[in-house]
Number of protein chains: 2
Amino acid sequence: MDAFRHEKIAVAVDFLIMTIEDDKLKVLMVRRNEEPFKGALALPGVAVAEEETLSHAARRCLEEETGITENIYLEQLYTWGDDCRRDPRNRVISVSYMALIPRELLAESIGKRVTEVLFMDVTEILSEQYKLAFDHKEMIAYGRERIQNKTEYTTIAFHFLPEEFTLPELQKIYEILLGKNLFKANFRKSIQDIVEDTGKMKKVGAHRPSKIYRRAEDFKG
Amino acid sequence: MDAFRHEKIAVAVDFLIMTIEDDKLKVLMVRRNEEPFKGALALPGVAVAEEETLSHAARRCLEEETGITENIYLEQLYTWGDDCRRDPRNRVISVSYMALIPRELLAESIGKRVTEVLFMDVTEILSEQYKLAFDHKEMIAYGRERIQNKTEYTTIAFHFLPEEFTLPELQKIYEILLGKNLFKANFRKSIQDIVEDTGKMKKVGAHRPSKIYRRAEDFKG
DNA sequence: GCAAAAGTGTTCTGGATACACCCATGA
DNA sequence: TCATGGGTGTATCCAGAACACTTTTGC
């Protein structure tokens with residue numbers, strides 16, 4: 001071992017920036033304007049600089065695409081290094097990250113972007129008809145699965161909502177992520193210890209208003 | 001983006017080679033004979049060559065340390081790139097892998113090695129008194145946690161045993177990984193669909209012999 | 001009053017937990 | 001025949017699934 005000085009490889013960070021919009025899980029995609037895969041849809045990514053930490057590169061990428069830097073759920077997913085990517089002569093290892101962002105937060109910052117970005121329905125983009133750049137389709141499938149699994153045994157779903165939310169809103173998030181409908185009463189029991197009433201109310205339509213909740217202090221981990 | 005040609009980084013694979021021995025979860029460690037951390041215990045690792053895939057580098061490392069190449073449970077864990085490792089001027093990103101190997105398999109091949117290798121008790125090596133090279137202590141802690149979690153919702157524990165095993169042996173593996181005792185009858189119910197009787201028996205001491213099982217065909221996923 | 005969605009109480013059930021017991025072996 | 005550990009049946013408990021019902025709003 002320890003021949004590190006000589007064997008150097010290009011390292012990239014590719015980013016799954018996820019949000020929920022129109023009752024669908026969506027991921028931010030950009031259109032490539034360079035070869036290879038010119039014109040194809042791709043995940044946003046950056047090259048990791050020589051003196052840069054991985055998480056710094058990740059945050060840099062996130063900021064470039066969304067303008068957001070703080071209070072965002074961020075998770076490393078997997079490192080893809082078994083394919084010959086981009087220029088065949090140029091081996092690249094790619095570390096994939098995932099960020100979950102409430103739709104409301106994106107609305108503000110995303111308009112200012114120059115480059116074209118689209119939030120694509122994850123289910124749709126994973127269908128046969130789409131050809132994505134590199135192994136990005138696999139990455140998205142991997143990320144979707146990770147979210148789905150974590151929804152079952154963590155509180156990851158909360159990151160798709162702002163600090164304050166109603167229980168019907170929260171339940172909808174869970175239903176989208178799990179891909180099935182839940183019973184209202186049961187869902188509420190399952191999260192009752194994790195949320196606390198703010199005392200505020202939210203009126204929406206011609207029906208009873210819903211209470212506004214936030215995450216309970218003890219369960220922010 | 002796409003400045004990949006210029007920004008190159010040394011990439012390493014570090015390996016958690018795990019087994020269960022003497023009723024303890026153990027990990028293979030080597031003693032470094034080079035600076036930095038000369039003399040300290042470290043996980044085995046290799047530098048990823050420019051034209052080498054990640055999983056190839058991982059298998060190369062595994063073979064170097066154990067002589068084993070096939071039928072081994074292998075899993076990528078996490079990519080560590082937020083520290084300044086080794087020579088401070090020389091940035092290294094390290095992809096950690098984990099292999100689970102039945103003790104019986106190691107017995108054969110491990111003797112042939114030149115370098116000193118030790119299987120260390122994971123609990124012990126994570127204790128205060130040990131100082132390991134680089135961020136290897138974190139890696140081990142991370143791997144132990146991953147195994148523990150996966151033991152609860154997958155059949156990962158089976159990889160610590162050979163093809164054929166008795167249920168008391170299997171239960172012992174689970175107890176070690178979960179860190180708690182299990183009720184015999186309950187444990188057997190929980191795995192009854194995953195195993196099948198081979199018809200063979202195993203005699204050990206002055207007591208009733210145990211049936212020998214294997215994993216059921218349908219549950220090898 | 002009525003539709004619509006918010007919010008709550010109660011039963012049912014399957015799986016995990018805990019305990020009790022029987023069985024086969026060597027000495 | 002006894003100690004030892006392998007092997008099995010059953011009562012209990014609890015979380016989640018399913019269902020039924022009440023409440024509050026706009027029109």
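The analysis underlying the following values was restricted to heavy atoms, covering all of them including side chains, and did not include hydrogens, waters or symmetry mates. Chain naming here is simple, since letters A, B, ... match the order of the sequence lines and numbering starts at 1 in each.
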key: Protein-nucleotide distance (B/D197, atom CG; D/dT8, atom C1'), rounded to Å   = 14 Å
query = Can you find a donor-acceptor N/O pair under 3.5 angstrom joining the side chain of A/K211 to the base of D/dT23?
reply = no
ask   = Just the endpoints, please: which first and last nucleotides of DNA chain C, 5' to 3', lie under 4.0 Å from a heavy atom of chain B?
value = C/dT17 to C/dG26
Test: B/K150 and B/E75 ion pair at under 4.0 Å = yes
message = With nearest nucleotide decided by heavy atoms, which residue, B/P209 or A/M201, maps closer to the 5′ end of DNA chain D?
response = B/P209
task = Could you tell me the separation between the CD1 atom of A/I191 and the P atom of D/dA15, rounded to a whole number of Å?
result = 16 Å
message = If I take atom OH from residue A/Y78 and atom CG from residue B/L77, how far apart are they, to the nearest 0.5 angstrom?
response = 10.0 Å
message = Between P on D/dG6 and CD1 on B/I212, what's the gap in Å once rounded to a whole number?
response = 13 Å
inquiry  = Classify the ring geometry of A/F165 against A/F158: parallel below 30°, tilted from 30° to 60°, perpendicular beyond 60°.
reply    = perpendicular
query = Is the shortest distance from a Lys or Arg side-chain nitrogen in B/E164 or B/K202 to a carboxylate oxygen in the other one below 4.0 Å?
reply = no
inquiry  = Looking at B/Q171, is its backbone amide N or carbonyl O close enough to the side chain of B/K184 to form a donor-acceptor pair, meaning the two atoms are under 3.5 Å apart?
reply    = no
Which nucleotide in D/dT24, D/dG7, D/dT25 has an atom nearest any side-chain atom of B/P168 = D/dG7
inquiry  = On a heavy-atom basis, which atom in B/A133 and which in B/A42 lie closest, and how many Å separate them?
reply    = CB-CB, 3.7 Å
task = Output the residues of residues 172-188 of chain B in contact with DNA chain C, where contact means a heavy atom of the residue under 4.0 Å from an atom of the strand; sort by number or write none.
result = B/F183, B/A185, B/N186
message = Quick test of your reading of the model: are B/R59 and B/E63 salt-bridged, counting only N-O distances below 4.0 Å?
response = no
ask   = Does any N or O in the side chain of B/D14 come within less than 3.5 Å of the main-chain N or O of B/S96, such that one atom is a donor and the other an acceptor?
value = no
Residue met sooner reading DNA chain C from 5', once A/L167 and A/A206 are mapped to nucleotides = A/A206
